[in-house]
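Residue numbers start from 1 in every chain, and the chains themselves are labelled A, B, ... in the order their sequence lines are given, proteins ahead of strands.
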Amino acid sequence: MSDAACLEVQGITKRFGGLIANEDVSFTVNQGEILSIIGPNGAGKSTLFNCITGFYRPNAGRIFFRGKDITQYSAHKICKLGVARTFQVVQVISDMTVLENVMTGTYLRTYNRRDVREKAEEILRFTGLYEKRDTLGPDLTIADKKRLEVSMALGTQPTLLMLDEAMAGLTPVELREMMALIRKIRENGVTLIIVEHVMEAVMELSDRVVVINSGRKIVEGVPAEIVRNPEVIQAYLGDRYHA
Amino acid sequence: MGKFTPRQIALYVVVLVALIAFPLVVKGTFPTHVMIMFFMFAMMGVAWNLLGGYAAMFSFGQAAFFGIGAYTSTILLMNYHVNPWIGLVVGGILAALTGAAIGIPCSNLRGHYFAIASIAFAEIVRICFNNWKFVGAAEGLSLPLLPESLGNFMFHSTKVPYYYIMLAFLVLSIFICWYITVNRGGFYLRAIKESHELAKGMGISFVRYRLYAIMVSAFLTAMAGTFYAQYILYLDPESVLILPISVQVVLVAMLGGAGTIMGPVIGAVILIPLSEYTRVWLGTKGTGVDMMLYGVLIMLISAYQPKGVWGLLTAIGKRAK
Amino acid sequence: MLEIKNASIGYKGGVLAVQGISFTVKKGEVVSLIGSNGAGKSTVLRAISGLLRPRTGEILLNGEPLHTVPPYDIVRRGVAMVPEGRQLFGRLSVIDNLLMGAYAIDSKQRTQETLETVLALFPRLAERKGQRAETLSGGEQQQLAIGRGLMSQPSLLMLDEPSLGIMPKLVSEIFQTIHEVSKKGVTVLLVEQNVFEALHISDRAYVLQTGRIVLEGRGEELLKSDLVRQAYLGM
Amino acid sequence: MSEQLIQQLVNGLLIGFLYSLIAIGLTMIWGVMNIINFAHGDFLMLSMFISFWLYTLYGLDPIFSIPICTGLLFLLGLLIYKYLVSKVMTGPALAQLVVTFGVSIFIANAAVLLWTPDFKMIEKPLLTGTWSFGTIQLSIPKAVASAGSVLVSLALFLFLRKSKTGKAILATEMNRNSALLMGVNTDRVNALSFAIGSALVGIAGAFLSMYYYIYPGVGGTFGLISFCIVALGGFGSIEGAFIAGILIGIVQTLGGYFFDPAYKYAIVFALYLVTVWIRPQGLLGW
Amino acid sequence: ADKVIKIGAVYPLTGNIASTGLDCRRGVELAVDIINGKYPDLNLPLAKDAGLPNLGGAKIEIVFADTKGEPRNGQAEAERLVTQEKVVAMIGAYQSSVTKTASQATERLKIPYVCSDSSSPALTERDLKYFFRVSPHDAIFVRDQFNFLRDLEKARNVKFHTIAALYENTEFGSNVGKQILKVAPEYGYRVVADISYAANATDVTSEVGRLIKASPDVLMHASYITDAILFTKTFKEMGFNPQGITTFAGYIEPGYLPAVKGDGNYFVIRSTFALDLAKRKPLVAKVNELFKKKYGIDMSENAARSFTAPFVLADAMNRAKTTEAEAVVKALLATDIPGDQVLYPWIGIKFDPQSHQNIYAQGTLVQIQDQNYVTVWPFDSAAAPVIWPFPPWKSRK
Ligand SMILES: Nc1ncnc2c1ncn2[C@@H]1O[C@H](COP(=O)(O)OP(=O)(O)OP(=O)(O)O)[C@@H](O)[C@H]1O
Ligand SMILES: Nc1ncnc2c1ncn2[C@@H]1O[C@H](COP(=O)(O)OP(=O)(O)OP(=O)(O)O)[C@@H](O)[C@H]1O
Ligand SMILES: [Mg+2]
Ligand SMILES: [Mg+2]
């Protein structure tokens, strides 16, 4: 295991009854990089996410986070170790304001109420939601909700941030903003794994891409290679993508 | 939340002063008794609120904690001559531990499953106490009469000291719950209430925080139980462990406004005097009309003012500004 | 066919999300509503399908008022909606979800035929027939939502961000499907973030900004307009 | 000894079937609307009183008052849904939980006012007595009620699974707005489910009135146990409630027989707690 | 205006056992009518004069209060009645647990309390100064039943070997159960089944199953009314046929017989009162007539029990010539009402100076014969011979 490895996934298999959602998936995420996971709908990306973050127990395989075997850890413990995530369907706390939502995340590592508040405000400035800090969570637009979810995850001060379709449903302008935010997060030294169908974002952001299909990893490589891979085109991108 | 305007602070101070002055102005045991019952149910409502209002764990089993508090201090006093104040703390701890013991199997239960589980748990406790010789079984326990003093937690000639003790308990409970809810615990409980998934994703061990909530709630409720035992000086399973007590607590919190600090207090100030005085006025007719009115009130408030009376008051307050 | 006249729409206890908008959709057209998040697009669709009521103004379908009809009858007038966020029946199977889509249709035979068409359109759904909808992957769910919308054999189909969370290969297929559906005579009202694809297949489009229509025109035309290029295509 | 064991098993089954019959109405309401009807036991009591008065005033045997009890309880369900429950459907969960408490307190005390707290019993119902199979005694009315329980459960199960309305009921429960978009009149569906749930307990009441005493508090323990059954079986699961009812009947009877009758309900509640510890969604819940 | 003496009465007038509370209340109200009015042909204390002659014809007024059957309300209402309504004495409560807290409150307030309707032995083991009990308690009742069995053995030349104790597990039943277990060996009976159960049980087949398995000669059953009805039905259904069944409380509630009709026949029940006493005691007939005139129903056991307390209090106050508590307590201690002035087959009313329990109180046993309560023991005051052993269920119509 290299020093640079932030996360190492070894031979993960996850079954739901007879259905194999992940089969023997292995890959490594290096410290400070952005790794994208792409693949057809139902390929098992979210499942993989859930296995890594402790929401599912894989049937086989092991997961190491910064050298530590976290395969059997529960979700909240993994978060405490420094892995934060967002959900494919946005989740925010509906009876809290934006600020309070972020404070909830921030409480993970900070105890004093005032410090928590300051830190949360700082994060909101960073993510550009500061102006809306007193808005109730559900009153935000989708774009802002996604941004809030990222802010909440940042509140837990992760070293690895995992985003499940954080850019779905954004307008091109919003997409640009989100991409900028993700770059900024990376610049702060956070490693990122993103699952995304928005290829623009995948192409521009990722250092490396892992492609899975029917639960198995089919290829891994830099974005430019991936989009030219016939298997990927056939299974995922479709012919029109080049157009 | 967590911040008070000067006007609010002034209001709370005025109310508190009025409550402190009450026994000096209004003499008579019955009004004092009604106030004590109001404080007691308000306290239990506040404790329940931490579970039901903030963490959406709708417990219908608070009577179990109430009973454990009452029984523990009484048994300690009767069999081992332990001072009731120490009994109060031991009872609270025992109730908290019981809460934890039941909280673990129930920690994955949501919504109604939790509600039913809490009923089942409280019924088991009731049935066991009802048959357990050591705690007097169905016959109950009469407390030994100690000389009247604060140290003995017992007064025979007047109810006024009970009044102040219960008022102090209530204020203490409100403070504890307020403190918890404006700090990490409150944030975490609300996150858990929103979604277990979300909470886990934010590093919140929902099992642990739900347990904390149960334990604090159980401790405070058990305190009320010890108070009850010292106040009535007799207890049996039928008077401290039954479902109607749990239900009363829920109603107090719900009608006042669950999930708000003062809601249960408002609920209690309406419901308790209402039920005490309707019993006095209508109860002797033996027709149950008082209970029918009570039922109608509950239906109307929950159907037409589902945020509780506190919700109504804040709405009015906002409009006034 | 569909006419929105000066409609203002808002949520309970909130301010107006849509203010005095008017637009029309003619029979057989594909019309897109585009606009940034929170512009009020979904709100408009909700009002047409009856989930929300306009506070002022009216909504007419074939000249008859629609805004006084209860939502469950609107379907029977041939209006179907594929809502934002899929909104499936989580514990029903894929097939049962599709059949619920045909709830308003009384003919068993027609239902069966549509079902076959839809399954042919989304082979993935045929594969997962018996699976509970809530355990489908995000994209599978989206497919199911669209399929369910088609099951009522609508004359007006409204789609709220159908390409959200769909893999690139399928995105084009979905727009292709919409195009085909419209060719069969179904009128389509489309809300999309994927502005490029949406405008491509649209006959006409309206641009919504903070609850008002700021621009309208033919699909291809709008693709060339500066406003759209800057704000929605990010060029 | 083993005869007594068989007898106890039979008794457990009989009470179990009755529990199932009482509980499926509750699971229906609960599953579809996500509302615990705390007045369920009181509905049972009302139905028993209806049956009693039909017998006393018009000499109608309880077996014939089944349709009337069912119909009247259906109406009651409709009214309560329309004027109370529908108001809290979109409100806070707690209000939903509490509103039926009000109904329960009201009905129980109104019954006292109308009919006094005294005990009543139907004197000579058509169905009475026991069948003897060797040393095993089988109470005829209980056996008939059990058959009724099986039929009703089966009918409801098929109705929900197979009929269009049944599916609409399930769909409404899962996603109200979507159901609306599919053309389901969700308000009517909710009213219908609440009414059907009430009607089912009406059937149970009519059966129970054949061999049980009747007074305003009669629903208490039955209500409490049916909550347990419904949760044990899994909310909204008809099959679950059916199986859980029988299970609880048997456990209660055998527990009382072998262990200690004083603790038999404690055993039932403990069984519930242990089950949900292992399966938080109940036996057949989701 | 006439002087009025206020006496407080706490009863469960609403709630689960309201029917019993209302029953008690009727007895009390009739007693007050008799005390306050002129009933020259009634041989009851103070019946002949209007009011209390020694207190200038003062009238008794009862202030009722509802406890809902909850101990805390017993206490609160007792206190309220004394401090706010200014009652000078207290009666009632029915449930022993409520009587406990209510009498505790009056003890603190130094107000006399005369109870004639709670049967927990513990009530008169507390050495309270102001508390008196007229009626027999459960320990006495239990002994009565054993005495009955012994008398029966002698009279019929039979021998019982085994008994079963069956009792509901609230305070009343478990008290009785405890007594049965304690007393049985003294009489040489072996207890073959000791079964306590929940009074609100929905089904009691497992309890009866255990009884059948134990097959005792005699069953002793302490129950409330719901379980009495349920057990009767289940005994019949499962064919439980011991030689005889003697019972407490539930089987004599007014609701029992109307509910079970002929199935109630033959059960032997402890009682302090039965209408057939009228044969020996004309007083009973006269009082019942008044009762029937006032309420349209026959006097029940509960009503008859509660009926006595106002007389005892009024008699003591009349002798004390004051309502002042110490004097009334003194007069109560000196109470000596002869047996012919009470509604029950007692020797009379006289309180033990220490425990304040009426030492003359005793029970009788009635049996349901042809759906009537008939006094069958003590044998010398029996209205009819006891039917024993019970005919098996199969042979009944
Ligand atoms: N709890 C579950 N039970 C059964 N099957 C499941 C469950 N969760 C997921 N699946 C199935 O596993 C497969 C992988 O699902 P997953 O959500 O991981 O896909 P995905 O790659 O995230 O797809 P998308 O891009 O559409 O979100 C899908 O076919 C899905 O139907
Ligand atoms: N359920 C609701 N309650 C209150 N306000 C709402 C609700 N849903 C949306 N809004 C508000 O209405 C406005 C318009 O929202 P709408 O969902 O119609 O936007 P949209 O154009 O569809 O955006 P998106 O692309 O995010 O779906 C927003 O300001 C939003 O905050
Ligand atoms: Mg996914
Ligand atoms: Mg939208």
Side-chain angles (χ1 to χ4, degrees), chain B residues 27-34 36-37 40 123 126-127 129-133 136-145 148 155-159 228-229 231-240 242 244-245 248 275-292 294, chain E residues 9-16 18-19 21-22 25 62-85 95-98 100-105 107-109 120-122 125-126 167-175 177-178 196-199:
Chain B
K27 305 279 180 192
T29 53
F30 193 67
T32 315
H33 169 76
V34 173
I36 291 172
M37 286 295 115
M40 193 177 90
E123 276 296 291
R126 183 187 65 79
I127 293 168
F129 274 68
N130 206 33
N131 292 293
W132 187 13
K133 298 281 181 310
E139 227 177 287
L141 302 169
S142 288
L143 274 78
L145 302 184
E148 174 167 73
F155 309 92
H156 306 303
S157 55
T158 163
K159 283 182 188 298
Y228 179 88
Y231 176 60
I232 303 289
L233 297 175
Y234 167 75
L235 67 152
D236 64 353
E238 291 296 305
S239 53
V240 293
I242 50 173
I245 291 186
Q248 179 83 300
S275 67
E276 295 283 334
Y277 280 103
T278 49
R279 189 189 70 236
V280 170
W281 291 325
L282 301 170
T284 53
K285 305 261 184 319
T287 51
V289 172
D290 59 329
M291 291 306 286
M292 285 167 70
Y294 194 66
Chain E
V10 281
Y11 283 110
L13 298 173
T14 61
N16 283 341
S19 63
L22 295 174
R25 179 189 164 133
I62 304 282
V63 186
F64 284 98
D66 175 25
T67 63
K68 291 188 155 51
E70 291 169 23
R72 84 177 134 97
N73 292 337
Q75 183 189 69
E77 289 300 329
E79 284 168 352
R80 185 179 65 83
L81 290 175
V82 172
T83 57
Q84 256 167 266
E85 300 286 341
Q95 290 126 306
S96 298
S97 58
V98 184
K100 234 175 234 173
T101 56
S103 57
Q104 215 166 320
E107 186 77 9
R108 278 192 285 201
L109 295 161
S120 166
E125 286 163 6
R126 296 177 299 169
Y167 47 95
E168 61 82 29
N169 68 0
T170 71
E171 99 125 335
F172 151 68
S174 32
N175 248 321
K178 209 160 71 184
S196 75
Y197 63 89

I'd like to know if the side chain of Thr101(E) reaches the main chain of Pro71(E), judged simply by a donor and an acceptor atom lying under 3.5 Å from each other, with no hydrogens or angles considered. yes
Under 4.5 Å, counting heavy-atom pairs only, tell me which of [options] racks up the most with chain B.
{"options": "Lys178(E), Gln84(E), Arg126(E), Glu70(E)", "value": "Gln84(E)"}
{"options": "Asn73(E), Val82(E), Leu109(E)", "value": "Asn73(E)"}
{"options": "Glu79(E), Arg80(E), Lys68(E)", "value": "Arg80(E)"}

Pick one of side chain, backbone, both or neither for Tyr231(B), based on which atoms fall under 4.5 Å of a heavy atom in chain E. both
Name the region of Asp236(B), side chain, backbone, both or neither, that has any atom closer than 4.5 Å to a heavy atom of chain E. side chain
Only counting residues at least two apart or in another chain, list the ones meeting ring pair (Phe, Tyr, Trp, His ring centres under 6.0 Å) with Phe155(B). Tyr162(B)
4.5 Å side-chain heavy-atom contact, Leu235(B) and Leu143(B): yes
Toward chain B, the part of Arg108(E) with a non-hydrogen atom under 4.5 Å: side chain
Within this structure, what is the CG-CZ distance for the pair Leu22(E) and Arg25(E), rounded to the nearest 0.5 Å? 7.0 Å
The side chain to side chain contact (heavy atoms under 4.5 Å, CB included) partners of Glu171(E) (sequence neighbours excluded) come to Ala138(B), Glu139(B), Ser96(E), Lys100(E), Ser120(E), Asn175(E)
